[in-house]
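Within every chain, numbering begins at 1; the chains are lettered A, B, ... in the order of the sequence lines, protein sequences first and strands thereafter. Note: hydrogens, waters and symmetry copies are ignored here, and every other heavy atom, side chains too, is used.
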Amino acid sequence: MASQHSESGLSDFFSGDHHNCDSKWVRIEALLDSGDSASLGTAWQDFDQSTRRHLDMEEEVLFPAFEARSGMGQSGPTVVMREEHQQIRALLDQIAVAIGAGDTEEALDLGDTLHMLTQQHNIKEEGMLYPMAEDVLGEEWTELKQKLAIY
Amino acid sequence: MNGGMPNAGLSLEQAPHLLVPASFFLMVPLSLLLAGAILMHAGVASLSHPWNPQVIALTHVGTIGVLLMGMVGALYQMTPVVAGTPVAAIRVAHGVHVLLLTGLVCFVWRLLGGPAFAMTLAGYSLAMALLGFLLPVGWSLASSVTRDETTLGMRLAVASLAVLAAMGLLVARGYAESGFPDNRFLLTQVHLTVALLGWVGGLIVSISWQVVPMFYLAPSPAKRSRQAMLGALVAGLILPFAAFAMQPNNDVALSPTRLAAVAALPAALAVWFFHPLLTLHSIHQRKRRRTDASLLYWRAGLSVALLLVPLAAMASLADDYRWQILFGWLAIWGWAGMILHGMLTRIMPFLVWFHRLTPLIGKMRVPSIRGLLSQGRIKTGFAIHLASLVLGAATIVTQSDILARLTGLAITATGFSLGSSLVHVLHLGQRHLLQHPIK
Ligand code: HEM
């Protein structure tokens with residue numbers, strides 16, 4: 001049986017990172033609105049990197065460990081999650097183009113779209129996948145956390 | 001090892017086909033056209049006295065045609081996501097759709113002067129539709145391992161629907177010439193309490209806990225306050241049933257019907273006072289500072305909700321029947337209808353985008369969700385809805401026939417505006433898919 005402490009660790013870690021990315025998007029929206037293009041570049045990079053980092057951590061560490069432990073590979077929940085990650089990455093690319101071209105409205109609208117896509121994605125992860133992962137990976141969490149530290 | 005795991009969660013791809021929610025959502029503007037036609041045809045009679053058949057007809061075009069259709073569509077969509085379990089036998093939803101529409105049309109037909117058998121037909125159609133909806137959705141919610149307040153609130157709403165429908169059907173027998181039950185007025189009072197507070201209130205409250213923080217990055221209400229609201233809601237839904245144990249009396253001040261109304265107070269305060277106050281506050285503190293057009297609807301609907309407890313008090317204390325009509329009008333079209341309308345303008349483009357455009361992402365530049373339904377269109381829909389709401393309230397106060405017909409016109413315009421928006425979104429999504437077939 002996993003300890004209470006390590007059980008809450010996994011979910012909190014990844015959910016907390018979702019909120020972290022949300023706050024970074026809020027900042028970009030504010031900068032796009034105020035037309036502060038000087039700060040926009042760095043804020044965008046920060047958001048873009050944090051989001052991709054989150055996706056990588058899941059795909060390279062969490063999902064393989066979960067798939068191995070649960071035996072759910074090809075038909076499991078991670079398949080859909082990986083697909084949605086690809087969609088999120090492609091939308092990030094599209095927003096970067098809009099920001100680069102100075103098309104504020106397009107960037108805001110695509111950002112809103114990305115927000116909706118990630119929120120429904122996060123509900124599924126936070127409501128289902130993380131609790132399931134906590135169930136099967138509780139004991140390995142300390143070890144996994146060390147692997148995540150390099151990201 | 002797998003003991004605590006939701007089995008159905010093996011795949012997270014559980015959303016129903018787009019046509020399931022969309023077919024119910026499209027009934028909303030259609031019902032608005034029907035409501036507009038009733039108002040234009042029957043005039044002020046449809047906003048006059050609570051026991052007037054035209055009023056009951058118009059009420060149910062609102063509660064079944066607009067609210068129930070929209071909410072059933074939303075539940076088919078949301079249940080798998082929130083509860084983590086798919087809805088079984090989802091194809092039944094198409095039958096539910098046809099039966100609900102048949103039931104509604106027959107119900108209205110009878111009340112507007114049609115034959116008694118129309119109500120019998122309405123009763124059977126509605127009963128079958130609701131069974132076809134309640135069994136699979138109720139099962140999915142009941143078997144979900146998720147125990148958060150949103151899921152609890154959704155369960156409460158669905159259970160309330162079963163109870164209110166049973167009571168409504170009992171009273172409806174009277175219109176099918178099978179005789180009204182002895183306690184008709186008490187049954188109707190509890191029917192509308194469970195309907196507005198348990199079914200509509202339970203769903204609005206619990207879904208708001210999910211979507212307001214999610215769409216606008218607004219702070220979620222504290223777990224304790226969510227639990228307290230649910231507790232008050234349950235108490236206010238159960239207490240009125242005590243009135244059925246009372247002996248009927250002629251004391252108007254202490255009649256079972258009035259006591260049933262008073263006993264619902266905890267639920268009324270939770271749904272029409274604490275929830276709107278807390279949600280308006282949370283929207284005010286949201287992190288995404290941009291005002292998305294859908295926020296207009298939330299703000300307006302929640303502000304109207306704050307008028308409903310005082311209005312309900314006047315409706316049950318004052319002799320003037322206009323209070324009751326005003327209360328019903330504002331509850332159905334100003335609070336629930338407003339929030340539902342706003343949600344549709346947000347959910348429908350999202351669903352179309354999600355189902356039709358996500359496969360294209362990365363292969364080409366895809367339009368944004370807002371690109372499918374512009375903010376301008378959403379704002380126009382809001383303005384027309386608001387105008388019809390104000391016109392209706394003015395009609396009720398003045399009992400002016402011409403204002404009633406104008407209200408009908410404004411409701412018809414709202415129906416056209418929403419209908420054209422929904423069709424526009426579906427059409428754009430379809431066109432995109434056809435122009436860029438997935439290889
Ligand atoms: C199975 C579906 C339903 C049936 C068969 C039904 C039936 C009825 C009937 C027959 C009455 C009139 C009572 C009388 O004449 O004494 C009534 C009143 C009422 N119902 Fe329903 N109903 C249904 C669903 C709903 C829903 C879903 C709501 C709200 C969300 C609702 C809200 C009301 C209200 C507010 C009244 C009072 C109308 C007035 O004062 O004029 N009903 N219902």
Whether B:Phe350 and B:Trp353 hold their rings parallel, tilted or perpendicular, with breakpoints at 30° and 60°: parallel
Proximal component of B:Gln375, with respect to chain A [non-hydrogen, under 4.5 Å]: neither
Portion of A:Asp93 that has a non-hydrogen atom of chain B nearer than 4.5 angstrom: neither
Contacting moiety of A:Gln94, where chain B heavy atoms sit under 4.5 Å: side chain
B:Arg346 charged N/C atom sitting above B:Phe215 aromatic ring, 6.0 Å / 45°: yes
Side chain to side chain donor-acceptor pair (under 3.5 Å) partners for A:Gln120, two or more places apart: A:Glu84, A:Lys124
Parallel, tilted or perpendicular: ring planes of B:Phe24 versus B:Tyr76, cut at 30 and 60 degrees: tilted
A:Ile123 versus chain B, the contacting section by heavy-atom distance below 4.5 Å: side chain
For residues 100-111 of chain A, dump all side-chain donor-acceptor pairs below 3.5 Å to protein atoms at least two apart in sequence or in another chain.
residue  : atom : partner  : partner atom : Å
A:Asp103 : OD1  : A:Glu106 : N            : 3.2
A:Glu106 : OE2  : B:Arg365 : NH2          : 3.0
A:Asp109 : OD1  : B:Arg370 : NH1          : 3.1

Part of A:Val26 lying under 4.5 Å from any heavy atom of chain B: side chain
